[in-house]
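The sequence lines fix the lettering, A, B, ..., with proteins before strands; numbering per chain opens at 1. As a basis for the values below, the full set of heavy atoms in this structure was taken, side chains included, without hydrogen atoms, waters or symmetry mates.
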Protein chains: 2
Amino acid sequence: MKHPVNQQDLSARLATSGFRFTPQRRCVYDVLLARRDHPTAEEIYSRAKKAMPEISHATVYNCLDALVSCRLVRQVQLERGAARFCPNMEEHCHYYCDKCGAVFDVALTEGATSVPRPKGFKVNYYEIAVHGLCTDCARNKSFA
Amino acid sequence: MKHPVNQQDLSARLATSGFRFTPQRRCVYDVLLARRDHPTAEEIYSRAKKAMPEISHATVYNCLDALVSCRLVRQVQLERGAARFCPNMEEHCHYYCDKCGAVFDVALTEGATSVPRPKGFKVNYYEIAVHGLCTDCARNKSFA
DNA sequence: GTCAATAATTAGAATTATTCTAAATCCAAC
DNA sequence: GTTGGATTTAGAATAATTCTAATTATTGAC
């Protein structure tokens with residue numbers, strides 16, 4: 001199952017971490033799957049509002065935290081300010097354009113990337129962020 | 001020069017990115033060098049205030065941004081909320097304990113870690129964050 | 001050294017991002 | 001069907017950062 005798209009699958013996945021299925025969690029997850037542009041909680045809130053006008057900020061954060069806990073979504077902090085969210089759970093790193101703010105997922109080839117593991121530390125997950133200029137911004141550097 | 005500790009060196013380094021030397025920048029940099037615990041801007045502010053009681057939040061942010069721009073300091077975002085700052089410019093990644101908040105620098109052995117480089121993207125720097133439980137917290141899991 | 005131009009600092013306000021609160025609602029299990 | 005706990009809601013509260021306008025400091029030209 002790449003992404004749990006039906007209610008049974010999503011509900012089961014949530015349950016593995018002790019969470020209940022709710023229409024709001026479904027909605028927030030759908031918003032993330034629909035457009036993979038690494039939106040902030042605020043952006044997710046306004047997109048979710050189109051389908052569920054009653055949804056609140058607190059609920060969006062609650063849903064995101066639940067989805068992150070059951071490993072359906074990754075939280076990504078690329079800069080000062082708002083966190084971003086990403087439903088791509090394949091091994092990948094994030095390329096972030098410091099000029100235009102674009103985020104690109106780049107797959108990590110199996111075994112090519114090794115992270116040192118000091119003994120004793122229990123690793124949960126890791127996040128690799130590469131900062132710089134995207135192709136477009138690098139080309140138009142002079143017009144900054 | 002591992003860290004520019006005297007005024008001439010710090011001034012010269014700031015100048016390479018078009019910044020001026022100021023006592024506030026000296027002070028903020030000294031605060032970071034004095035205690036390598038990856039403090040937030042707020043923590044840096046309160047430590048800096050001991051030496052310069054007049055320093056303001058805006059100045060601390062300005063100083064940090066200048067130091068980051070001229071590559072004397074790294075800004076690190078490990079979680080939702082405040083950014084942290086680190087004067088260690090050796091190649092290293094950050095181990096972050098999601099329970100107690102401790103941050104550990106772990107050196108990246110030369111060549112061992114490779115990050116994929118999509119062509120066109122102009123890399124400035126990259127950041128590797130490993131999340132999990134530190135040795136102490138992993139041991140005391142049951143007392144969470 | 002003095003001066004002008006510009007960068008940097010300051011206090012505090014403003015904004016942005018996130019969390020908290022208390023009441024209402026929902027769901028699962030008995 | 002009742003109970004308990006999880007979840008949602010609106011809105012307040014807090015935390016983190018940025019902005020503003022006035023002042024001060026630093027640099028480079030003279």
Side-chain angles (χ1 to χ4, degrees), chain A residues 7-8 10-29 31 38-49 51-70 73 75-85 98 101, chain B residues 7-8 10-31 38-49 51-70 72-73 75-85 98 101:
Chain A
Q7 177 169 342
Q8 283 74 17
L10 179 53
S11 181
R13 182 62 93 83
L14 285 163
T16 61
S17 300
F19 296 106
R20 292 181 180 171
F21 172 89
T22 69
Q24 288 85 351
R25 286 172 181 162
R26 157 95 280 160
C27 175
V28 165
Y29 189 46
V31 162
H38 303 80
T40 63
E42 180 64 30
E43 287 162 343
I44 293 162
Y45 170 70
S46 61
R47 290 178 200 173
K49 256 180 123 57
M52 296 190 93
E54 302 297 283
I55 203 169
S56 73
H57 276 108
T59 299
V60 169
Y61 279 101
N62 175 306
C63 293
L64 289 169
D65 289 344
L67 293 166
V68 168
S69 289
C70 67
V73 168
Q75 173 176 310
V76 188
Q77 281 281 163
L78 293 167
E79 69 216 303
R80 220 139 73 188
R84 294 159 176 278
F85 297 87
D98 289 311
Chain B
Q7 176 169 343
Q8 283 74 16
L10 178 53
S11 181
R13 183 62 94 85
L14 285 162
T16 60
S17 300
F19 295 106
R20 293 179 179 174
F21 173 89
T22 69
Q24 289 84 354
R25 286 173 180 161
R26 158 94 282 160
C27 174
V28 166
Y29 189 45
D30 287 344
V31 162
H38 303 81
T40 63
E42 181 64 30
E43 287 162 343
I44 294 163
Y45 170 70
S46 61
R47 291 178 200 173
K49 256 179 124 55
M52 295 190 93
E54 302 297 281
I55 203 168
S56 72
H57 275 109
T59 299
V60 169
Y61 278 101
N62 175 307
C63 293
L64 289 169
D65 289 343
L67 292 167
V68 168
S69 288
C70 67
L72 285 174
V73 168
Q75 173 176 312
V76 188
Q77 281 283 163
L78 292 167
E79 69 216 302
R80 222 139 71 189
R84 294 160 176 279
F85 297 87
D98 289 311

Which residues in residues 16-24 of chain B have at least one heavy atom lying under 4.0 Å from any atom of DNA chain D?
R20(B), F21(B), P23(B)

Shortest non-hydrogen contact from [X] toward [Y]:
{"X": "S69(B)", "Y": "S17(B)", "answer": "O-OG, 3.6 Å"}
{"X": "Q77(A)", "Y": "A83(A)", "answer": "OE1-CB, 3.1 Å"}
{"X": "L67(A)", "Y": "R25(A)", "answer": "CD1-O, 4.2 Å"}
{"X": "C70(B)", "Y": "L14(B)", "answer": "SG-CD2, 3.9 Å"}
{"X": "F21(A)", "Y": "S11(A)", "answer": "CB-OG, 3.6 Å"}
{"X": "I44(A)", "Y": "P39(A)", "answer": "CG1-CG, 3.6 Å"}

Measuring from [X]:[atom1] to [Y]:[atom2], what's the distance to the nearest 0.5 Å?
{"X": "S56(B)", "Y": "N62(B)", "atom1": "OG", "atom2": "CG", "value": "9.0 Å"}
{"X": "Q24(B)", "Y": "M52(B)", "atom1": "CD", "atom2": "CE", "value": "4.0 Å"}
{"X": "R26(A)", "Y": "L10(A)", "atom1": "CZ", "atom2": "CG", "value": "5.0 Å"}

Which letters describe nucleotides 12-21 of chain D, given B = protein heavy atom under 4.0 Å from base, S = only from sugar-phosphate, - = neither?
----SBBB--

Write down the distance between [atom1] ([X]) and [atom2] ([N]), rounded to a whole number of angstrom.
{"X": "M52(A)", "N": "dT7(D)", "atom1": "CE", "atom2": "C1'", "answer": "12 Å"}
{"X": "L14(A)", "N": "dA28(C)", "atom1": "CG", "atom2": "C1'", "answer": "16 Å"}
{"X": "N62(A)", "N": "dG5(D)", "atom1": "CG", "atom2": "C1'", "answer": "14 Å"}
{"X": "I55(B)", "N": "dT24(D)", "atom1": "CD1", "atom2": "P", "answer": "17 Å"}
{"X": "L64(A)", "N": "dT8(D)", "atom1": "CG", "atom2": "C1'", "answer": "15 Å"}
{"X": "Q7(B)", "N": "dT26(D)", "atom1": "CD", "atom2": "P", "answer": "9 Å"}

If you define the side chain from C-beta out and look only at heavy atoms, does anything of Y29(A) sit under 4.5 Å from R13(A)?
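A side-chain contact under 4.5 Å is absent here.
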
Considering only dT27(D), dT8(D), dA11(C), which nucleotide approaches the side chain of T59(A) most closely?
dT8(D)

Toss me the dot-bracket line for DNA chain D: Watson-Crick and G-U wobble, both under 3.5 Å, 5' to 3', using | for pairs to another strand and [ ] for crossers.
||||||||||||||||||||||||||||||

Candidates E42(A), E43(A), E79(A) - the one meeting salt bridge (charged side-chain N to carboxylate O under 4.0 Å, His left out) with R84(A)
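Exactly one candidate clears the test, E79(A).
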
If you assign R25(B) and Y45(B) each to the DNA chain C nucleotide with the nearest heavy atom, which residue ends up on the more 5' nucleotide?
R25(B)

